[in-house]
Amino acid sequence: MRWQLLNSGRATRWGTFFKGFLLIALFIVSSTWLGLSRDTRAAGRARPVDVGDQEYWPIPLLAREFGVQYHSFDDKRFRLANREMELSFEVGGRRAFVNGVLVWLHEPVLPGRRAPMLSATDVETILSPLLRPLDSLRQVGYQRVVLDAGHGGNDPGAQGPTGSVEKDLALTVTLGIAKLLEEAGVDVYLTRRDDSRLSLSNRVVRTREAGGDLFVSLHFNSSANTDAQGSETFVLTAGGHASTSQQPGGSYPAAVEANEFDGANALLGFLIQQRLLEQTGNQDRGLRRARFYVLREAVTPAVLVEAGFLTNLDEEARVMDPAFQARIIRGIADGILDYTGLVMRARIEDYL
Ligand SMILES: [Zn+2]
């Protein structure tokens with residue numbers, strides 16, 4: 001009966017009239033709104049400055065945009081701060097300090113005509129995730145943590161002068177972190193739980209098949225320079241930019257799918273590096289950028305931790321000590337828990 005009424009000639013004529021009216025009204029409203037917003041954008045929003053093929057933002061303007069304080073110590077050093085974060089930069093360099101932790105930028109900070117400038121890439125991949133963390137975490141999960149002990153089987157990884165072997169230390173640390181996370185109620189998946197060899201692609205495949213939400217790969221470092229020591233945490237380099245060990249300005253690989261996690265990666269990496277240093281007091285080699293296979297092919301936010309150098313005699317002795325291993329384990333687990341806590345907060349805010 002209802003169907004017939006709606007399909008009567010009269011209803012159809014009124015329906016057509018009404019639809020036409022609605023369309024015209026919608027057109028007027030939307031064009032006014034679009035026009036207004038275009039004007040607002042032109043009047044209220046500044047544009048980035050082109051420098052070579054990079055876009056840069058004046059830092060005082062970013063301070064206004066993010067609602068943080070800007071303070072310049074002299075014409076080279078300056079700081080952005082709110083209640084939780086303090087970021088300091090130096091003109092001409094790629095080193096920034098975030099709450100005292102070294103964070104490597106993609107591009108150097110430029111002097112600018114009136115004020116120092118930060119590259120748009122570093123605004124997107126560092127500044128914005130750290131100052132507005134929840135915005136970077138709305139599309140990612142937190143429930144299943146994948147821990148990946150580097151190397152294994154006939155691939156020992158780095159070896160230290162007094163007998164330390166990377167694959168064994170990585171597994172010990174990984175199992176320790178898994179235990180702490182499980183005690184905290186987190187679901188953990190391990191890519192390997194014994195001394196078996198595992199290809200890099202299998203580490204990614206297993207993460208995907210296990211339905212992982214984040215990926216943390218554990219390693220120990222080596223260097224021909226036996227003085228080198230300290231901890232560093234790697235996340236994927238942004239498309240078109242130099243990794244931390246490369247010179248900026250050259251031509252570098254374009255973005256890949258895993259770059260969609262740039263914001264979440266920065267947070268996960270920063271939080272782990274911060275807690276790891278807090279627990280161990282290790283030398284800070286920073287949150288760095290690289291295109292390692294497990295970062296480039298990642299199907300979730302992903303970081304790779306190099307907890308210490310086996311080729312440094314003092315550091316090798318420390319990392320072989322179970323009491324010190326416990327600090328490494330606690331630090332990395334705390335960083336992961338800081339991150340999953342933030343993702344949970346982002347989820348809760350979405351529901352409110
Ligand atoms: Zn390794």
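Atoms within a ligand are numbered from 1 in the order they appear, just like the ligands themselves.
- When only modelled atom types and interatomic distance are considered, E232 and N221 share a side-chain donor-acceptor pair under 3.5 Å.
- Exactly one of R206, R193, R203 qualifies for a salt bridge (Lys or Arg N to Asp or Glu O under 4.0 Å) with D148. That residue is R203.
- Distances from the Zn ion (ligand 1) show that E306 has no N/O/S atom below 2.8 Å.
- In the model, H151 has a side-chain atom that pairs as donor or acceptor with a side-chain atom of E166 under 3.5 Å.
- For H219, the N/O/S atom at the shortest distance from the Zn ion (ligand 1) is named ND1.
- If you look at E166 and ask which of its N, O or S atoms sits nearest the Zn ion (ligand 1), the answer is OE2.
- No side-chain heavy atom of N82 sits under 4.5 Å from any side-chain heavy atom of Q69.
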